[in-house]
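Numbering starts at 1 and runs along the sequence shown. Note that the structure is a prediction, hence the values are computed from the model and not measured.
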Amino acid sequence: MLNKEILPILSDSAQIGWVMEPHAKRILSLSGVDVPNFRWAREMEKALSDAGEIGYPVVAKIVSPKVMHKSDVGGVIPGIQSDAELEEAFLRLSRIEGFDGILLEEMVAGMELIIGAKVDYQFGPVVLLGIGGTGVEIYGDTSLRMAPLDERTVRSMVKNLRAYKLLEGYRGAEPINEQELVRMMLKFSDLIMELEDHIESIDLNPVMCNSKKCIAADARFVLKT
């Protein structure tokens with residue numbers, strides 16, 4: 001059953017047509033999808049306090065109803081190591097149109113994957129898994145299935161990726177925790193089925209997977225109009 005906190009978030013986001021990242025991360029967390037430790041700070045003092053709670057290094061991202069694609073406007077600043085660097089990052093991001101604070105997150109390491117979904121007008125929710133990050137369009141290594149997913153289907157999607165050997169731990173590299181990836185995919189499938197009437201698409205890119213867990217480092221929800 002859909003968490004009672006999710007629908008108000010979607011309703012409040014309807015005016016801009018998509019869900020800003022702090023709210024998107026909240027939806028994912030409520031749905032059992034792991035996200036980084038994050039804080040939303042609208043003032044410098046709070047940002048510094050939040051960074052102290054999270055612990056350096058952190059990544060800072062623009063929060064603005066005018067900016068869906070943060071990287072296009074230089075709205076993501078990773079690897080911030082100190083209060084001084086954070087103050088500089090805050091000032092830089094505050095100059096971006098529609099500034100509504102910054103999202104501060106812990107830095108997460110791992111292999112970059114993408115998990116996405118689109119609600120097709122004919123077939124309903126379709127879920128994608130692939131190699132993520134900036135390489136998603138270059139490699140085109142993805143697997144598609146109609147939702148809802150079960151564990152057998154998810155494992156088939158994972159193994160159908162051409163880069164599956166990288167996930168297993170290629171040439172001595174540490175393998176990802178495949179069970180955690182499967183768990184995330186199943187939670188994501190449940191979420192898209194619940195939101196089918198409200199969502200046009202969801203993109204989690206990148207999802208950072210390592211030997212311990214899989215974490216949705218970025219999230220974008222586009223609403224039906």
Side-chain angles (χ1 to χ4, degrees), residues 19-64 67-94 96 99-116 129-136 163 166-167 169-170 172-181 183-184 187-188 202-221:
V19 181
M20 292 194 298
E21 191 175 355
H23 295 314
K25 292 283 178 63
R26 178 60 178 162
I27 291 174
L28 293 174
S29 180
L30 290 169
S31 304
V33 175
D34 288 340
V35 298
N37 185 5
F38 72 92
R39 303 287 191 281
W40 185 357
R42 292 183 172 92
E43 297 85 27
M44 178 83 76
E45 184 177 346
K46 185 173 188 305
L48 294 170
S49 174
D50 289 344
E53 292 179 8
I54 295 171
Y56 290 110
V58 296
V59 56
K61 304 178 183 180
I62 178 66
V63 178
S64 167
V67 180
M68 182 186 293
H69 302 286
K70 296 179 289 293
S71 58
D72 291 349
V73 296
V76 179
I77 305 175
I80 297 169
Q81 299 279 356
S82 66
D83 285 359
E85 289 185 17
L86 178 56
E87 289 176 358
E88 181 181 347
F90 189 97
L91 290 173
R92 179 172 142 193
L93 294 174
S94 69
I96 295 174
F99 176 78
D100 191 21
I102 66 172
L103 182 68
L104 280 175
E105 293 184 340
E106 63 176 326
M107 296 286 291
V108 182
M111 184 168 182
E112 295 186 356
L113 301 177
I114 179 173
I115 297 174
L129 171 68
I131 301 303
T134 56
V136 62
L166 296 178
L167 307 185
Y170 187 64
E174 199 169 41
I176 71 162
N177 188 324
E178 190 171 320
Q179 186 58 43
E180 278 298 295
L181 176 57
R183 188 189 70 81
M184 175 180 278
K187 293 291 186 182
F188 183 76
I202 302 177
D203 287 309
L204 311 183
N205 184 29
V207 171
M208 307 300 289
C209 285
N210 54 45
S211 62
K212 296 180 180 178
K213 53 191 174 181
C214 290
I215 295 179
D218 200 3
R220 183 169 65 247
F221 287 58

*Asks:* Please identify which of these residues, Ile62, Leu103, Val35, Val67, meets the side-chain contact (heavy atoms from CB on, under 4.5 Å) condition with Glu21.
*Replies:*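 Exactly one pass, corresponding to Leu103.
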
*Asks:* Looking at side-chain heavy atoms only, is the closest gap between Lys61 and Phe38 below 4.5 Å?
*Replies:*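 They are not in contact (no side-chain heavy atoms under 4.5 Å apart), so the answer is no.
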
*Asks:* Do the non-hydrogen side-chain atoms of Met44 and Leu91 ever get within less than 4.5 Å of each other?
*Replies:*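 In contact.
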
*Asks:* First locate atom CD of Glu105, then atom CD1 of Ile215, and finally report the distance between them rounded to the nearest 0.5 Å.
*Replies:*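 Going from the CD atom of Glu105 to the CD1 atom of Ile215 covers 9.5 Å.
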
*Asks:* Are Arg183 and Asp34 ion-paired here, with the side-chain N under 4.0 Å from a carboxylate O?
*Replies:*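 Yes, charged N to carboxylate O under 4.0 Å.
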
*Asks:* So, Lys25 side chain and Ala217 main chain: donor-acceptor pair closer than 3.5 Å or not?
*Replies:*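 Side chain of Lys25 to backbone of Ala217, a donor-acceptor pair under 3.5 Å: yes, one is there.
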
*Asks:* Taking all non-hydrogen atoms of both residues into account, name the closest pair between Val63 and Pro22 and its distance.
*Replies:*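 Taking Val63 first and Pro22 second, the nearest heavy atoms are CG2-CG, 3.8 Å.
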
*Asks:* Does the side-chain contact (heavy atoms from CB on, under 4.5 Å) test come out yes or no for Trp40 and Asp100, once each step is laid out?
*Replies:* CA-CA 9 Å; Trp40 185 357; Asp100 191 21; 3.4 Å; yes

*Asks:* Could you walk me through whether His69 and Arg220 pass the side-chain contact (heavy atoms from CB on, under 4.5 Å) test, one step at a time?
*Replies:* CA-CA 9 Å; His69 302 286; Arg220 183 169 65 247; 3.7 Å; yes

*Asks:* Can Ile131 and Leu113 be said to form a side-chain contact (heavy atoms from CB on, under 4.5 Å), step by step?
*Replies:* CA-CA 4 Å; Ile131 301 303; Leu113 301 177; 3.9 Å; yes

*Asks:* Where do Ala89 and Ile77 come nearest, in terms of heavy atoms and distance?
*Replies:*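 Nearest pair, atom of Ala89 first, then Ile77: CB-CD1, 3.7 Å.
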
*Asks:* For a quick test of reading the model, state the closest non-hydrogen atom pair linking Met184 to Ala216 and the distance between them.
*Replies:*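 It is CE-N, 3.8 Å.
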
*Asks:* Any side-chain heavy-atom pair from Cys209 and Asn177 closer than 4.5 angstrom?
*Replies:*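 Of all side-chain heavy-atom pairs linking Asn177 with Cys209, none is under 4.5 Å.
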
*Asks:* What distance do Glu178 atom CD and Cys214 atom SG have between them, rounded to the nearest 0.5 Å?
*Replies:*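 Those atoms lie 9.5 Å apart.
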
*Asks:* Should we count CD of Glu45 as having more than 12 external heavy atoms under 6.0 Å?
*Replies:*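 No - once you tally the heavy atoms of other residues, nucleotides and ligands closer than 6.0 Å, there are 12 at most.
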
*Asks:* As a test of understanding, state which of Val59, Asn37, Ile54 forms a side-chain contact (heavy atoms from CB on, under 4.5 Å) with Leu104.
*Replies:*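 Among Val59, Asn37, Ile54, the one meeting side-chain contact (heavy atoms from CB on, under 4.5 Å) with Leu104 is Ile54.
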
*Asks:* Using 0.5 Å steps for rounding, measure from the CE atom of Met20 to the CZ atom of Arg26.
*Replies:*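 One finds 15.5 Å between CE of Met20 and CZ of Arg26.
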
*Asks:* If you define the side chain from C-beta out and look only at heavy atoms, does anything of Ile80 sit under 4.5 Å from Phe90?
*Replies:*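 Contact flag for Ile80/Phe90 side chains = no.
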
*Asks:* Under a 4.5 Å cut-off applied to non-hydrogen side-chain atoms, are Asp83 and Tyr56 in contact?
*Replies:*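 Result yes, sub-4.5 Å side-chain heavy-atom pair found.
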
*Asks:* Specify the closest pair of heavy atoms between Ala109 and Met208, including all atoms of both residues, with the distance to one decimal.
*Replies:*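 Where Ala109 meets Met208 most closely, the heavy atoms are C-CE, 4.0 Å.
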
*Asks:* Kindly give the heavy-atom pair with the smallest separation between Ile102 and Ala60, and that separation in Å.
*Replies:*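 So the minimum-distance heavy-atom pair works out to CD1-CB, 4.3 Å.
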
*Asks:* Taking the side chain as every heavy atom from C-beta outward, state whether Lys187 and Ser31 have any pair of such atoms under 4.5 Å apart.
*Replies:*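 Side chain of Lys187 against side chain of Ser31, heavy atoms only: no contact under 4.5 Å found.
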
*Asks:* Would you indicate whether the side-chain heavy atoms of Leu28 and Leu204 approach each other to under 4.5 Å?
*Replies:*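 Side-chain contact under 4.5 Å: yes.
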
*Asks:* In the structure I gave you, are the side-chain heavy atoms of Met111 and Leu167 within less than 4.5 Å of one another anywhere?
*Replies:*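 With C-beta onward as the side chain, the pair touches.
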
*Asks:* Got more than 12 heavy atoms from elsewhere within 6.0 Å of NZ, Lys213?
*Replies:*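 It does not: Lys213 NZ has 12 such atoms or fewer within range.
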
*Asks:* Around Glu88, counting heavy atoms of other residues, nucleotides and ligands shown, do more than 12 lie under 6.0 Å from its CD?
*Replies:*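 Not more than 12 within 6.0 Å, no.
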
*Asks:* Looking at every non-hydrogen atom in both residues, tell me the closest pair between Asp203 and Gly116 and how far apart they are.
*Replies:*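 For Asp203 and Gly116, the tightest heavy-atom pair comes out as OD1-CA, 4.1 Å.
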
